[in-house]
Amino acid sequence: MTPDEFSSLALSLAPTVVARPILDSIQFRIGSKAFATLGWPDARWAVVKLDPRRQDWALALSPALCPEPGRRRRAGIVLARLAALDPDVGAQLLGAAWSDAQRTKRGGSRAIEDAAPRIAA
């Protein structure tokens, strides 16, 4: 997956997704909630923020994914090595991250599985 593909996919999830430049990266947000960052920790990577209960599921999708190192290792943060990431896996990962951000934006009253993103074909 290329950075442009990652960005296009993130922006296609919903008309309310906003890309905001932060330092040398681009953060994708829904309202005040960030769900993905492109170009972190460097241009070859992206980060997605999942509900911690989904982290193991996400890590099993691809060897291109790994948990954030350090003390936030189990916080639901997943690093994606873009060059090795299959676009279909990227779509699943971004969809889950968007869904989690949408759920928490609305107060967390819905089950995680209830929110389904719109992904352009």
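Numbers here are sequence positions counted from 1.
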hydrophobic_cluster_shared for Val78 and Trp57, side chain cutoff 4.5 Å: yes
Over all atoms of both residues, closest heavy-atom pair of Ser62 and Ala84: OG-O, 4.4 Å
Partner residues of Arg20 under the side chain to side chain contact (heavy atoms under 4.5 Å, CB included) criterion, sequence neighbours left out: Ile22, Arg29
Pairwise distance SG(Cys66) to CD1(Ile77) - rounded to 0.5 angstrom: 12.0 Å
Inter-residue atom distance Leu85.CG - Thr2.OG1, 0.5 Å rounding: 10.5 Å
Spacing of CZ belonging to Arg103 relative to NZ belonging to Lys33, to within rounding of 0.5 Å: 9.5 Å
Listed partners of Pro87 passing side chain to side chain contact (heavy atoms under 4.5 Å, CB included), at least two apart: Met1
Co-membership, hydrophobic cluster, residues Leu61 and Leu59, 4.5 Å side-chain: yes
Residue pair Ser7, Phe28: steps toward the side-chain contact (heavy atoms from CB on, under 4.5 Å) verdict: CA-CA 8 Å; Ser7 182; Phe28 298 94; 3.6 Å; yes
Pair Asp100 + Arg54, salt bridge at N-O below 4.0 Å: yes
Over 12 foreign heavy atoms within 6.0 Å of CG, Asp24: no
Separation of Thr16 OG1 from Trp98 CH2 (nearest 0.5 Å): 7.0 Å
Side chain proximity check, Val18 to Ile30, heavy atoms < 4.5 angstrom: no
Sole residue of Thr37, Val47, Leu38 in side-chain contact (heavy atoms from CB on, under 4.5 Å) with Ser25: Thr37
